[in-house]
Protein chains: 2
Amino acid sequence: MSAKSFDLVVIGSGPAGQKAAIAASKLGKRVAMIDRVAMLGGICIHGGTVPSKTLREAILHLTGFRHRSFYGNDYNVKNKISVRDLASRVNQVVERETGVVRDQLRRNDVELFVGTGRFLDPHTIEVESEDQDHILKTDYVLIACGTRPAHHPDIPFDGKQILAGDQIFQMDEIPKEMIIVGGGVIGLEFASMFSALGVVITLIEQRPAVLDFVDSEIVEALCYHMRHQGAIFRLGEKVTKIDRDDRGRVTAHLESGKRMHGDVLLHAVGRQANTDLLNLEAAGLSAGARGKLAVNENFQTSVPHIYAAGDVIGFPSLAATSMEQGRLASCHIFGVPMRTAPGLLPYGIYTIPEISMVGETELSLTNAKIPFEVGVAKYEELAKAQIVGDHTGLLKLLFDPDTRKVLGIHAMGENAAEIVHIGQAVLSFGGTMDYFRDTVFNYPTFAEAYKVAGHNGLNKL
Amino acid sequence: MSAKSFDLVVIGSGPAGQKAAIAASKLGKRVAMIDRVAMLGGICIHGGTVPSKTLREAILHLTGFRHRSFYGNDYNVKNKISVRDLASRVNQVVERETGVVRDQLRRNDVELFVGTGRFLDPHTIEVESEDQDHILKTDYVLIACGTRPAHHPDIPFDGKQILAGDQIFQMDEIPKEMIIVGGGVIGLEFASMFSALGVVITLIEQRPAVLDFVDSEIVEALCYHMRHQGAIFRLGEKVTKIDRDDRGRVTAHLESGKRMHGDVLLHAVGRQANTDLLNLEAAGLSAGARGKLAVNENFQTSVPHIYAAGDVIGFPSLAATSMEQGRLASCHIFGVPMRTAPGLLPYGIYTIPEISMVGETELSLTNAKIPFEVGVAKYEELAKAQIVGDHTGLLKLLFDPDTRKVLGIHAMGENAAEIVHIGQAVLSFGGTMDYFRDTVFNYPTFAEAYKVAGHNGLNKL
């Protein structure tokens, strides 16, 4: 078996891997990418971000959720919604997005090896394919192998009633009652989606609060709206055992002695990095807890020519940040000067309503003893929100009362993840609240919330 | 009849009047506002922007238009859509928005006089109400009386088959074939809405092109998509006569000899300012063509203490710009320093697909002999567009190839009027294309188009 030589071998074709490979290729480097069959695009496309956000759109459409303020709370576009209704749209998008990724890699001359990669030594990786094995020699490696749901051995996953996050489409039908274990981003996104579908949700989280990095006013509003939909929160509760009762229902036994019942249980706690497949020892590497890799600020592992990026390095495990990590790793490898604003990473959380934020939070500013003032716009003040029927949204701007400089943007509601980028730009350029007062925004838009919040904040001074 | 004294009397409660009155009130001034019964909020709420954008949302929802790439081109959420289905949602929003305006005026202590205002002399206005007349004495006046569709005397408007723009909800049923005379913003918005409803549209415009202030690539794409829906464009054609044939259909006779037939004709050409109701002569003012008022850069008419803003002063007649005009007029009246970026007014056009722009166009740059380069993102490259099913959108960034400074933003597609404000902020701060390359955008969003267009543009250098 003859070896092929590369400047960079990227393990994993998810967001981090893609952007790293394309950036290197644009520099004229020889780049190989390895991923398993049917995983092109990574978990982002297969089982993660793209399917769950498509599921969300399908649910919002088929339930007519967005239009219930006009047509009543019992309004549905389709009367009986099946798993098949939801899955068919998801499959179409997954297929198209896989094609987009394949096309981008081909246009950028990234050589794709389909199979499982494993280190033979720090500069040599073997790819086991179905048809033929390959040996790749390389100067640099980027490990962007991603994660998978941690299948705890003491949970009797069956893919039908007791599900991990990637088994959601294996359900036979939409359940009436669903237990979700885990109040992180994934758990809450699924909880709010199925809640919109009319499923009675019980969400169990070990910590006393959910989404503790998000503005607490917004988290409370999210919980309020989810409770209004019928969701039950059991926070600060630990699951000790999951089993089925004699009526065929799933039971979650809590340490406090409670028993929660449901037709289906979704376990959305913890993810296991796929590093266990890579034979890390041969590269001189060892993984940490749940297979994660530690990196420095340049995304280098303890072996300097081996980099890691994306979910495999942990928080925040968002597609957008993973892309940036991949690009920055590639720039560092090939000595390209890079510029980024690490404090200005946006967060997009696709609950219903949607949440997004960038910059400081009230808590971070208070902890740092930085005084701030707040400008708020309620969506119900906006013509656009009246027109589309979103009465729950909110935009909050945190700013310095002396300099009027914008410090943080917090949005909840329709289009929150889009409009947060308007504030992000102002934040990046060191702009003040005056910008929002003096700028003309299209009418009717959600973007107009900045104008309303700008006036609201400045009026408080 | 005793007179009441004010610092400012605002004639008209639309976007310009509202913002002017509230700005003055926040300065501690005594402010009166005059508007006719049932017109609180102006044409923007009653017959204009808000109803038409609500109609658009109702049509997009009930047709399932946004979801046809998943469910096929014949997909409809509701099988038989009636005028009543559409009007009921519009009425709900109009009612709520009127309440919002009333509430804002009350909270800001703006004294509202319901009736028709007319000048008695340059500082005195009489309000004729149903119950009681009032005399208002004032130091300053803002005329923000708005416009109405010009009812040409030679067109046999009947409110059923031959309609002006504000009579659209008087139709008995959704027609099969509709003629729209006028290819301006209003004509095109209605044309694309009814086209989405499955109505066969014939659009007649006297000029050789539609929307000539918009990027031509985007206008061509809009026309392409509307033709794909079955619309027929008759550009450079003049209507000489409108009548009914013996089969009860409407016929538009063109100067070129053609006759166009339809079940309904919508006449969307020209608007008449409401200044004819104001007894302008008593104020020492006279109106121009179609009742419009000329103003200087401070929104002063030829009588310095009488200002005018909004649709009554002409182009662009958009709610967002009218609001800003009102605010600026109020600031000038009371000597408040004002800051605005007049070159950075955004345009939002709610056709299907939606169009928005800010800054320079290719044409304006070419005419000014300023070289430019272009960065483009097609929506079909974006995960978000795949997820929601918009394959037609486009974002175009114009920038200086030497300094990389952003010069113009042109967007078409879902959320175009929202995301244009991200580029507007970068433009306002004098930012370069590097911003889009170096910034993390939430995934999946339409905002991500900036990242794609940024890379596309920079790769061309």
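Looking only at heavy-atom pairs under 4.5 Å with chain A, the residue among B/Arg437, B/Lys384, B/Glu380 that has the most is B/Arg437. Chain A forms the most heavy-atom pairs under 4.5 Å with one residue out of B/Gln104, B/Glu381, B/Lys26, and that residue is B/Lys26. With chain B as partner, the option from A/Val50, A/Ile45, A/Leu60 having the largest number of non-hydrogen pairs under 4.5 angstrom is A/Val50. When each of B/Gln92, B/Glu57, B/Met323 is scored by its heavy-atom pairs under 4.5 Å with chain A, the top score falls to B/Gln92. Here B/Val388 is the residue among B/Val90, B/Leu318, B/Val388, B/Thr439 with the most heavy-atom pairs under 4.5 Å with chain A. Ranked by heavy-atom pairs under 4.5 Å with chain A, the first of B/Pro346, B/Pro15, B/Gly64, B/Ala417 is B/Pro346. Annotation: maximal heavy-atom pairing with chain B below 4.5 Å, among A/Ser69, A/Ala447, A/Pro444, occurs at A/Pro444. Note: B/Ala425 leads B/Cys44, B/Ala425, B/Gly348 in heavy-atom pairs under 4.5 Å with chain A.
B/Arg89 places no side-chain N or O within donor-acceptor distance of the main-chain N or O of A/Tyr71, the cut-off being under 3.5 Å.
Rounded to the nearest 0.5 angstrom, B/Ser52 OG and A/Ile387 CD1 are separated by 8.0 Å.
Looking at B/Leu382, only its backbone comes within 4.5 Å of chain A, counting heavy atoms on both sides. Using a 4.5 Å cut-off between heavy atoms, A/Lys78 does not touch chain B at all. Residue contact with chain A, scored on non-hydrogen atoms closer than 4.5 Å, involves the side chain of B/Ser356 exclusively. The parts of B/Glu418 that come within reach of chain A are both its backbone and its side chain, each placing non-hydrogen atoms under 4.5 angstrom from that chain. Using a 4.5 Å cut-off between heavy atoms, B/Leu62 touches chain A through its side chain atoms alone. Contacts between A/Arg56 and chain B at a heavy-atom distance below 4.5 Å are absent for every atom of the residue. With a 4.5 Å cut-off on non-hydrogen atoms, B/Glu97 touches chain A through its side chain but not through its backbone. Both the backbone and the side chain of B/Val426 come within contact range of chain A, judged by heavy atoms closer than 4.5 Å. Using a 4.5 Å cut-off between heavy atoms, B/Ile419 touches chain A through its side chain atoms alone. Proximity to chain A (any heavy atom under 4.5 Å) is shown, for B/Asp103, by neither the backbone nor the side chain. Looking at B/Arg66, neither its backbone nor its side chain comes within 4.5 Å of chain A, counting heavy atoms on both sides.
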Would B/Val420 and A/Phe441 satisfy side chain to side chain contact (heavy atoms under 4.5 Å, CB included), going step by step from the backbone distance to the final call? CA-CA 9 Å; B/Val420 77; A/Phe441 289 92; over 6 Å; no
Evaluate the criterion side chain to side chain contact (heavy atoms under 4.5 Å, CB included) for residue pair A/His421 and B/Glu448; output intermediate values, then yes/no. CA-CA 10 Å; A/His421 295 296; B/Glu448 217 204 343; over 6 Å; no
Verify side chain to side chain contact (heavy atoms under 4.5 Å, CB included) between B/Asn442 and A/Tyr350, making sure each step is shown before the conclusion. CA-CA 11 Å; B/Asn442 284 320; A/Tyr350 291 83; 4.2 Å; yes
Take A/Thr49 and B/Tyr443 through the test side chain to side chain contact (heavy atoms under 4.5 Å, CB included) and record every step on the way to the result. CA-CA 8 Å; A/Thr49 310; B/Tyr443 176 96; 3.8 Å; yes
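In this structure, A/Phe65 has its ring center no closer than 6.0 Å to that of B/His61.
A donor and an acceptor atom, one from each side chain of B/His455 and A/Arg327, are nowhere located under 3.5 Å apart.
Note on A/Glu324 versus B/Lys451: salt bridge recorded, some NZ/NE/NH1/NH2 to OD/OE distance being below 4.0 Å.
B/Lys53 places none of its side-chain heavy atoms less than 4.5 Å from the side chain of A/Thr445. A/Thr54 is not listed as a side-chain neighbour of B/Gln386, based on a closest heavy-atom distance of 4.5 Å or more.
Taking every heavy atom of both residues into account, B/Leu345 and A/Val440 meet most closely at CD2-CG2, 3.3 Å. Heavy-atom minimum distance, B/Phe70 versus A/Arg96: CE2-NH1, 3.9 Å.
Counting non-hydrogen atoms of other residues, nucleotides and ligands closer than 6.0 Å to CZ of A/Arg107 gives a total above 12.
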